[in-house]
Structure formats: C-alpha cells, structure tokens
Amino acid sequence: MTNASACAAVEVVDVCKSFPNVRALNHVSLRVEQGEFFALLGPNGAGKTTLISILAGLTRADSGRAAIMGYDTVSQYREARSNLGVVPQELVFDPFFTVRETLALQARYYGVAGADAWIDEILHNLDLTGNNMRALSGGMKRRVLVGQALVHKPPVIVLDEPTAGVDVELRQNLWTFIKRLNGEGHTIILTTHYLEEA
C-alpha cells in the first residue's frame, strides 16, 4: 500500500533496458512530482517510448524499478496501471465501434461506472463525433486515443508524441484541453523530439 499524497507521480530509479544490438535505456532515473507538466525530449530512437512502455507495464526493465503514484509497475501492476493513462504513438482502434462506444468500452475495462457525462465532456473538448471509427481521419483517431487515455480519469497522463500527424487546429484544441487537465491537478508527461513543443 502507498500514501498517494506523499509520493511522486512517477519515479524511475536506475532503469536499464537492452534489445538485440542496442541499449535503449542506460541507468535512467527521474522523478516527476504530482501536478507537474514534464517533457521527455530526445531524438527518435532515444528510448522515450521504451521508458513509457516500462511505466505502462508493457515492457520489463532489465534492472532498476519504476512506480506510478507509489505503486511498483511490476509487483503492483494493476494499481500502477489504473493510475496511468497513456496516449500511444501508434493508431490502434477497433473499426466496428463508434467513437462513443469505444470510450464506453474503455471505461468498462477500467471498471468505471456512470461515465456517460465524462464521455460527453471528452467528446466535446476533443471535438469528436459519434462516427464509426473507420470513417475518421488519422488526426481524429489520435484524438480518440487521447479520449481513451482519459476516460478513467487517471492522475498521471502520458502523451507519447501526441501531435504526430495532427493538423494545427487539432493540435491547439488538444493542448488547450491538456493544459486544463494539468490545471485541475493531473500530472502530464509529454514525449517529443520537437524542442518548441517541449
């Protein structure tokens, strides 16, 4: 068990991760306090997505440890994951659902009951329609990924290069909403290779 009010939102201690022929992470340590807006800046291939995958429990570090809101990402995976919302780089979606159905399904996955009002707010703030997922542009699908990451109202939100392939107007709307969430106390972690975005 953890005292959520006293711990860091994200803590990474001496994490190493290697793949064949490449050392992706070499003794990485960082601490992100609750309510911060934190940018991980680095070129493509620097290990940003590998670190995010370790935080999300999708990849195991070779050594070191990571925690979300004080919960270890390995031994307390369920608790750590429920405190984290990740917007991945890849566009992954089910073409047979509407946008609303996609968000409602994600809410049920996290055991969130009565999410209709929050889903309405997400749809409004991200300017999403109830269209079938197949009919959406790449930029709109990226917005759906943001909505999926937010639907269980996690205290920590990770945006892994969220504006890739998104036009200027969509980008501005996204940042307005993300700044608002940060202002309401959500911790935001952004990975990017654009200095001006960071």
Side-chain angles (χ1 to χ4, degrees), residues 37-59 68 81-112 114-184 186-198:
F37 201 127
F38 186 88
L40 282 171
L41 177 66
N44 287 334
K48 302 183 300 296
T49 299
T50 300
L51 181 60
I52 298 311
S53 296
I54 288 170
L55 292 176
L58 302 173
T59 300
I68 306 292
R81 191 64 184 90
S82 69
N83 279 279
L84 182 69
V86 177
V87 181
Q89 283 185 34
E90 297 82 19
L91 295 175
V92 180
F93 65 95
D94 190 319
F96 300 105
F97 292 110
T98 65
V99 173
R100 171 174 279 288
E101 289 168 342
T102 298
L103 297 182
L105 185 64
Q106 186 80 358
R108 287 195 296 276
Y109 173 77
Y110 280 100
V112 178
D116 287 344
W118 176 234
I119 289 172
D120 286 340
E121 194 170 342
I122 290 171
L123 292 172
H124 172 74
N125 281 287
L126 294 177
D127 196 23
L128 286 165
T129 62
N131 290 341
N132 189 288
M133 292 292 294
R134 279 180 294 206
L136 298 180
S137 67
M140 294 298 279
K141 287 172 184 170
R142 189 159 297 283
R143 286 196 206 186
V144 175
L145 293 179
V146 174
Q148 285 182 285
L150 300 176
V151 79
H152 63 292
K153 295 188 178 180
V156 181
I157 301 165
V158 175
L159 305 159
D160 194 4
E161 306 212 15
T163 59
V166 175
D167 67 41
V168 173
E169 184 181 354
L170 294 181
R171 187 175 299 169
Q172 289 173 340
N173 291 346
L174 174 61
W175 287 130
T176 298
F177 189 37
I178 294 301
K179 286 176 186 173
R180 185 191 124 194
L181 291 169
N182 183 237
E184 292 172 356
H186 292 268
T187 303
I188 310 293
I189 298 177
L190 163 72
T191 77
T192 182
H193 55 270
Y194 298 120
L195 182 59
E196 66 276 12
E197 191 166 69

Undergrad: Looking at G42, is its backbone amide N or carbonyl O close enough to the side chain of K48 to form a donor-acceptor pair, meaning the two atoms are under 3.5 Å apart?
TA: yes
Undergrad: So, for A149 and V87, which heavy atoms are closest and what is the spacing to 0.1 Å?
TA: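 Nearest heavy atoms, A149 then V87: CB-CG2, 3.6 Å.
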Undergrad: I need the L159 CG to I52 CD1 distance, nearest 0.5 Å.
TA: 9.0 Å
Undergrad: I would like to know whether V151 and V112 meet side chain to side chain contact (heavy atoms under 4.5 Å, CB included); could you show each step before the answer?
TA: CA-CA 8 Å; V151 79; V112 178; over 6 Å; no
Undergrad: Please round to the nearest 0.5 Å and tell me the distance separating atom CD of E121 and atom CG of D116.
TA: 13.0 Å
Undergrad: Indicate yes or no: at least one non-hydrogen side-chain atom of M140 is less than 4.5 angstrom from one of V99.
TA: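 When only atoms from C-beta onward are counted, V99 and M140 do not touch, as no gap falls below 4.5 Å.
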Undergrad: Can you check side chain to side chain contact (heavy atoms under 4.5 Å, CB included) on L145 and Q148, steps first, answer last?
TA: CA-CA 5 Å; L145 293 179; Q148 285 182 285; 3.5 Å; yes
Undergrad: Could you give the distance from CD (E184) to NZ (K153), rounded to the nearest 0.5 Å?
TA: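 Those atoms lie 8.5 Å apart.
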Undergrad: Roughly how far apart are I178 CD1 and L190 CG, rounded to 0.5 Å?
TA: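 Nearest 0.5 Å value for the CD1-CG distance: 9.5 Å.
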Undergrad: What are the two closest non-hydrogen atoms of L84 and P154, and how far apart are they?
TA: C-CB, 3.7 Å
Undergrad: Go through the steps to decide whether V156 and H186 satisfy the test side chain to side chain contact (heavy atoms under 4.5 Å, CB included), and finish with yes or no.
TA: CA-CA 6 Å; V156 181; H186 292 268; over 6 Å; no
Undergrad: For the atom pair CG (L150) and CD1 (I157), what is the distance rounded to the nearest 0.5 Å?
TA: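 Rounded to the nearest 0.5 Å, the CG-CD1 separation comes out at 4.5 Å.
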Undergrad: Give, for atom CZ of F177 and atom CG of N182, the distance between the pair rounded to the nearest 0.5 Å.
TA: 12.5 Å
Undergrad: Counting only heavy atoms from other residues, nucleotides and ligands, does the tally under 6.0 Å from OH of Y110 exceed 12?
TA: yes
Undergrad: Does the side chain to side chain contact (heavy atoms under 4.5 Å, CB included) test come out yes or no for T191 and L51, once each step is laid out?
TA: CA-CA 10 Å; T191 77; L51 181 60; over 6 Å; no
